[in-house]
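Below is one structure, written out as structure tokens, with a few remarks after it.
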There are 2 protein chains.
Amino acid sequence: MEEKEISQAVVARLPRYFRYLGELRDQGVERISSGDLSVLMGVTASQIRQDFNNFGGFGQQGYGYNVDYLYHEIGHILGLDEEHQLVIIGAGNLGQALANYVNFEKRGFLVKGVFDVNEQLVGRQLRGLEIMHIDRLDSFMKEHKIDIAVLTVPKEGAIETAKRLADCGVKAILNFAHVDLNVPEGVQVENVHLSDSLMKLSYNIHRYENALGGEKTD
Amino acid sequence: MEEKEISQAVVARLPRYFRYLGELRDQGVERISSGDLSVLMGVTASQIRQDFNNFGGFGQQGYGYNVDYLYHEIGHILGLDEEHQLVIIGAGNLGQALANYVNFEKRGFLVKGVFDVNEQLVGRQLRGLEIMHIDRLDSFMKEHKIDIAVLTVPKEGAIETAKRLADCGVKAILNFAHVDLNVPEGVQVENVHLSDSLMKLSYNIHRYENALGGEKTD
DNA sequence: CTTTATTTTAACGGGTTATTATAATAAAAG
DNA sequence: CTTTTATTATAATAACCCGTTAAAATAAAG
């Protein structure tokens, strides 16, 4: 029962494998080789085999990988065979949009509570949930077993709120605030910094245009 | 005038440098050493120096880096001294939330148009912009110089829409749809796959919990 | 002249890719 | 129908490369 540490580079690729395998499965594909999958996904076959092998031999020589089996295995590795309870902190535009995002539920990520400081928002209904005042967070967290908090508050209060969430025992934070959270080790954080993404696009647009200008003959 | 290719790993770090330098600047900090910045940001000083050096010597031995100068240099490298014109494709919850997101404008990312297929949404006002029917996309793109498209449509139509955007000459796409777009080379794509992020959190939650269980003495 | 701190160059390591070894499937032959 | 042979494709191992970190050389500040 040895457990070697899986690199985050591999973990980051798992959801994409999961997505492709799900599609293949829906199309009734029973089995697939790393070679065929590599063409489909635009990565090397070597990487695919190496990635899957991190978790044990899911494939069979001469046969390939059983799509349905592999799909469920990866789902299990990702913990998608268990439900996850979420809260959304910040019921502004983004928070509301996420609360209404149906696809999360399909994967077992269930929004159980929505909070905000704004008295104007408190009490409103959002997809069957009443927006609660942030003051009720601590007691709510005591009553419910919440795994993940989605943080969609302005950056000013984000660090403070994240600390509070950590104190309440939340295990992970999906952070949309444009600051680095400082939470105790063991609390997982995923940052979604949209302006960073736009900046990367901006850089790459200019890079590509400049590359065209000074293009070499090949 | 030699241009060596900058790795995307470095590019991905630039927005964070930019953010920290901006904060230091606002606090009136004039200069900073790679060592101090490394402590602040939680990365190695070596990496910081190596990163900045990719773009030429911004610092000075014995002095460090001038915060204001470096801030503007990185802004320039990222192309933030120029305005970028955006369109948002998909005026659902997420599209509306992003259209209302003020912070983009502060960095020079200006939303110029919002589109949707839904006749119910077309005509509504969104932050001074009238939501247009997607049929008007092509003509709109001809009249305006749009750099970036934000794609917030359901995954079913995303690939098709992305192709259309590419044909209209859009240079980059910020993709929120949960599919891989297949656009011609030269069109930059940044994916924001929120469910992937949740899956990574799910994996890391379980990994951490299991690690606690089978902890070794150290 | 000493200290600070970058620049430049070199070493290291992890992740990706390629190769070799192995095993199962599928086909062909007896 | 069984046995043999060729083919397919993973598992395991090795090589490679890029990104990161460290060290040495250099230059400015105090």
Side-chain angles (χ1 to χ4, degrees), chain A residues 2-17 20-21 24 29-74 77 200 203-204 207, chain B residues 2-17 20-21 24 29-74 77 200 203-204 207:
Chain A
E2 60 195 64
E3 298 169 20
K4 59 168 173 286
E5 188 75 21
I6 307 296
S7 84
Q8 288 296 309
V10 175
V11 177
R13 284 194 290 267
L14 291 181
R16 188 155 178 264
Y17 289 132
Y20 272 86
L21 289 166
L24 287 168
V29 178
E30 271 193 5
R31 69 184 213 181
I32 193 161
S33 69
S34 59
D36 289 349
L37 189 57
S38 77
V39 172
L40 198 64
M41 296 185 64
V43 297
T44 64
S46 242
Q47 182 166 75
I48 290 176
R49 289 195 294 269
Q50 207 75 302
D51 282 350
F52 293 166
N53 245 62
N54 279 301
F55 305 97
F58 293 150
Q60 199 162 45
Q61 285 131 327
Y63 176 89
Y65 298 90
N66 180 288
V67 171
D68 189 65
Y69 173 71
L70 186 56
Y71 173 77
H72 284 106
E73 278 298 321
I74 293 181
I77 290 165
K200 279 169 74 179
Y203 175 88
N204 283 319
R207 179 188 60 96
Chain B
E2 61 193 65
E3 297 168 22
K4 58 170 176 285
E5 190 73 22
I6 308 295
S7 84
Q8 287 296 310
V10 175
V11 177
R13 285 194 290 267
L14 291 181
R16 187 156 179 262
Y17 289 132
Y20 273 85
L21 289 166
L24 287 168
V29 178
E30 271 192 7
R31 68 183 214 182
I32 193 160
S33 69
S34 59
D36 290 350
L37 189 57
S38 77
V39 172
L40 197 63
M41 296 185 64
V43 297
T44 65
S46 242
Q47 181 167 76
I48 290 176
R49 290 195 292 269
Q50 207 74 302
D51 282 351
F52 293 166
N53 246 66
N54 279 301
F55 305 97
F58 294 150
Q60 199 163 45
Q61 284 133 327
Y63 175 88
Y65 298 90
N66 180 290
V67 171
D68 189 64
Y69 173 71
L70 187 56
Y71 173 77
H72 283 106
E73 278 298 321
I74 293 180
I77 290 164
K200 279 169 71 179
Y203 175 87
N204 284 319
R207 180 189 58 96

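Just so it is clear, the structure is predicted and the values come from calculations on it, not from any experiment. The basis for the numbers below is simple: all heavy atoms, side chains too, and nothing from hydrogens, waters or symmetry mates. Naming: A, B, ... by sequence-line order, numbering from 1 per chain.
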Report summary line: Hits for ring pair (Phe, Tyr, Trp, His ring centres under 6.0 Å) against A/Y203, two or more places apart or cross-chain, chain-then-number order -> none
Query raised in the report: A/R13 has a side chain; which of C/dT6, D/dT20, C/dT16 sits nearest to it?
Result: C/dT16
Query raised in the report: Name the one of B/D68, B/I74, B/N66, B/V67 that satisfies side-chain contact (heavy atoms from CB on, under 4.5 Å) with B/L70?
Result: B/I74
Query raised in the report: According to the interplanar angle, ranging from 0 to 90°, do the rings of B/F52 and B/F58 count as parallel (below 30°), tilted (30 to 60°) or perpendicular (above 60°)?
Result: tilted
Query raised in the report: When the nearest nucleotide of DNA chain C is assigned to A/R31 and to A/Q47 on a heavy-atom basis, which residue is associated with the more 5' position?
Result: A/Q47
Requested in this report: Identify, between B/G57 and A/V43, the residue whose nearest nucleotide on DNA chain C lies closer to the 5' end.
Outcome: B/G57
Report task. Give a yes or no on whether B/E30 atom CD has more than 12 heavy-atom contacts from other residues, nucleotides or ligands under 6.0 Å away. Result -> no
Query - Minimum-distance pair of heavy atoms, taken over all atoms of B/T44 and B/S38 - result: C-CB, 3.8 Å
Send over the distance from [X] [atom1] to [N] [atom2], rounded to a whole Å.
| X | N | atom1 | atom2 | result |
| --- | --- | --- | --- | --- |
| A/N66 | C/dA24 | CG | C1' | 15 Å |
| B/F52 | D/dT20 | CZ | P | 14 Å |
| B/L70 | C/dT6 | CG | C1' | 13 Å |
| B/L14 | D/dG19 | CG | P | 14 Å |
| B/Q60 | D/dA28 | CD | P | 7 Å |
| B/E30 | D/dA29 | CD | P | 14 Å |

Requested in this report: For the residue pair B/I6 and A/R207, establish whether any side-chain heavy-atom pair is separated by less than 4.5 Å.
Outcome: no
Report summary line: The reported gap from CG in B/L14 to CD in B/E73 (rounded to nearest 0.5 angstrom) is 12.0 Å
Report task. If a protein heavy atom is under 4.0 Å from the base, mark B; if only from the sugar-phosphate, S; if neither, -; do that for nucleotides 18-23 of chain C going 5' to 3'. Result -> B---BB
Query raised in the report: Which part of the nucleic acid, if any, lies within contact of A/Y65, taking any heavy atom under 4.0 Å across all strands shown: a base, the sugar-phosphate backbone alone, or nothing?
Result: sugar-phosphate
Query raised in the report: What nucleic acid atoms does A/F58 come within less than 4.0 Å of, heavy atoms only: base, sugar-phosphate, or nothing?
Result: sugar-phosphate
Query raised in the report: Is A/S7 near enough to C/dG14 that one of its side-chain N or O atoms lies under 4.0 angstrom from OP1 or OP2?
Result: no
Query - Phosphate OP1/OP2 of D/dA12 contacted by A/N53 side-chain N/O (<4.0 Å) - result: yes
Requested in this report: Starting from the 5' end of DNA chain D, give me the residue, B/D51 or A/D36, whose nearest nucleotide shows up first.
Outcome: A/D36
